[in-house]
Amino acid sequence: MQHLTVHDLISENNRLRALLQQQAEAQRKVEQAVGIERLLIRTLTDNMPELIYAKDAQSRFLFGNMAVADIMGASSPAALIGKSDYDFYAKELADQYFTDEQALLRSGDSLIGHEEPVADAHTGEQRTLLTTKVPLRDHDGVVIGIVGIGRDITDRKLVEAELLNSNSLLIELNKKLSHAQEQLVQSEKMASIGQLAAGVAHEINNPIGYVCSNISALDGYMVKILNILAVHLDAQQFITAPDVVERLNRLRIENDINYVITDCGDLMRETREGISRVRQIVQDLKDFSHADTNLDFHWADLHRGIDSTLNIISNELKYKADVVKEYGDIPPVECIGSQINQVIMNLAVNAAHAIGAERGVITLRTGLDKVHGDKVWIEVADTGCGIAPENVKRIFEPFYTTKPIGQGTGLGLALSYGIVQRHRGQIEVTSVVGQGTVFRVTLPLKHTPVDMQEILPRS
């Protein structure tokens, strides 16, 4: 065994001391680096608006930044360590967080972009966080906790809600403006029809008047002529000259006098009926458009209005369906007659369009509301193709139509709905595909002015 001298021992001691000093210096530098790194992480996380935290397998805080401490009411991030949500939130909310986090720990999955409610401990205000949580794993990949980051999106959600509300108001306002424009266009159309009807009545009624007068006079003359002719025919038997008798017989046969006598009466009757029909059409057109009134509410006979409207559109209906009237006993109604006629026209024409190749039936019914004695109803029923349930709720939308392209504007029912609303009434529809459709319009007997607040959108 080699013996160490005192000098050797001193040298070895100095070497070990120097080595320890080197290790201590290295350890100090590592600790300094770790401290700087921790300080950097703490500085970064505490100055970030996001909530950043880490929890262990029992959902206890391992780390939390200042934003987490602030919203949870902790005095500092250090005060979070070792505590759980149960130390800061009501049990019901803490149970929810704990259950969600434990499910993540068991599954090892990540939760990305999840919106969750959080109560601000200072104000009690409900906040909304956009949260992402991922598993915290050790070197062996075992899940030992979770790391989470949350962004307060409450203000953004409020702005989004305000934008959605503003957008909804704009959409509603646009609908009302479009509806008002459509009503204005419709009013202008009705005014134009009224002017046309007045012009037609003025231009046609005068010649029809003297035609009727002439026909009446001509009818009287024809009666006299036919009476004289009858006497002449009776007197023919007393004529003895053979050449005269032969010539009279020949003329009688060639001109078919017996048929002429019979047909004259029919022709005169049909002519009178035709003139009456022209007069009725002109009157119906005036009644339909109410050319002699402004668009003011007045007491109107609905049955007369319906009849006039049906006469106006008879050419549209007669080739498609038989029209049946089942009128009840109803009193006059205070309304804008021309607009109610427009509703009836739209419903009746739509009914005709709904009927296929096989001839159908269009039935118009009226009656007094038995529940509300101050209301009347009008029904337009058809035996057409019916309306699919998914379309029924949309048929009153402007520009929505189930008809083929080019065969409908989608405005008829929308305008009708607006007219009925203006009259404080209701329009309802029941339909069975393959069997037909029934539209029912209910109107109050007496008009109540519409409040402008009901027309304009609420702020």
When you compare the side chain of [Y] with that of [X], does any pair of heavy atoms fall below 4.5 Å?
| X | Y | answer |
| --- | --- | --- |
| Lys320 | His353 | no |
| Pro135 | Val143 | yes |
| Ile378 | Leu302 | yes |
| Ile340 | Leu443 | yes |
| Val68 | Leu80 | yes |
| Leu364 | Val324 | no |
| Leu445 | Pro331 | yes |
| Leu310 | Lys325 | yes |

Walk me through whether Arg365 and Arg440 qualify under side chain to side chain contact (heavy atoms under 4.5 Å, CB included). CA-CA 9 Å; Arg365 306 183 183 94; Arg440 171 177 276 219; over 6 Å; no
Side-chain donor-acceptor contact under 3.5 Å, [X] with [Y]:
| X | Y | value |
| --- | --- | --- |
| Thr132 | His114 | no |
| Thr131 | Glu116 | yes |
| Glu101 | Ser59 | yes |
| Tyr327 | Asp307 | yes |
| Gln342 | Ser416 | no |

Crowding at [atom1], [X] (>12 non-hydrogen neighbours, <6.0 Å):
| X | atom1 | value |
| --- | --- | --- |
| Arg127 | CZ | yes |
| Arg247 | CZ | no |
| Asp329 | CG | no |
| Glu92 | CD | no |

Looking only at heavy atoms, which two atoms of [X] and [Y] are closest? And how far apart?
| X | Y | value |
| --- | --- | --- |
| Ala69 | Pro77 | CB-N, 3.9 Å |
| Val118 | Tyr97 | CG2-OH, 3.3 Å |
| Gln58 | Phe98 | O-CE1, 3.8 Å |
| Ala348 | Ile362 | O-CD1, 4.0 Å |
| Ile336 | His423 | N-NE2, 3.0 Å |
| Thr437 | Val429 | CG2-CG2, 3.6 Å |

Verify whether the ring centers belonging to Phe63 and Tyr53 lie closer than 6.0 Å.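 No, ring centres 6.0 Å or more apart.
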Audit row: Thr363, Thr383, side chain to side chain contact (heavy atoms under 4.5 Å, CB included) steps and yes/no: CA-CA 9 Å; Thr363 305; Thr383 57; over 6 Å; no
Distance-only, no hydrogens or angles: does the [X] side chain make a donor-acceptor pair with backbone N or O of [Y] under 3.5 Å?
| X | Y | result |
| --- | --- | --- |
| Asp87 | Ser84 | yes |
| Ser107 | Asp109 | yes |
| Gln102 | Ala57 | yes |

Intermediate values then yes/no, salt bridge (charged side-chain N to carboxylate O under 4.0 Å, His left out), Lys55 and Asp85: CA-CA 10 Å; Lys55 294 182 178 180; Asp85 292 325; 2.8 Å; yes
Interatomic distance, [X] atom [atom1] to [Y] atom [atom2] [nearest 0.5 angstrom]:
| X | Y | atom1 | atom2 | answer |
| --- | --- | --- | --- | --- |
| Asn350 | Met345 | CG | CE | 9.5 Å |
| Asn341 | Thr309 | CG | OG1 | 3.5 Å |
| Ser216 | Met268 | OG | CE | 8.0 Å |
| Ile52 | Ile149 | CD1 | CD1 | 4.5 Å |
| Ser308 | Ile313 | OG | CD1 | 11.5 Å |
| Thr154 | Glu125 | OG1 | CD | 6.5 Å |

Please work out which of the three classes, parallel, tilted or perpendicular, describes the rings of Phe297 and His447, given edges at 30° and 60°.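 The rings of His447 and Phe297 lie parallel, inter-plane angle below 30°.
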Kindly determine whether Ile387 and Val433 satisfy side chain to side chain contact (heavy atoms under 4.5 Å, CB included), including the steps that lead there. CA-CA 6 Å; Ile387 305 171; Val433 175; over 6 Å; no
Worked verdict on Glu115 versus Ile153 for side chain to side chain contact (heavy atoms under 4.5 Å, CB included): CA-CA 9 Å; Glu115 291 186 11; Ile153 60 171; 3.9 Å; yes
Tell me whether the NZ or CZ atom of Lys83 lies within the 45° cone about the ring axis of Phe61 and under 6.0 Å from its centre.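 Ring-cation test returns no.
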Quick test of your reading of the model: are Arg359 and Asp322 salt-bridged, counting only N-O distances below 4.0 Å?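 A salt bridge links Arg359 with Asp322.
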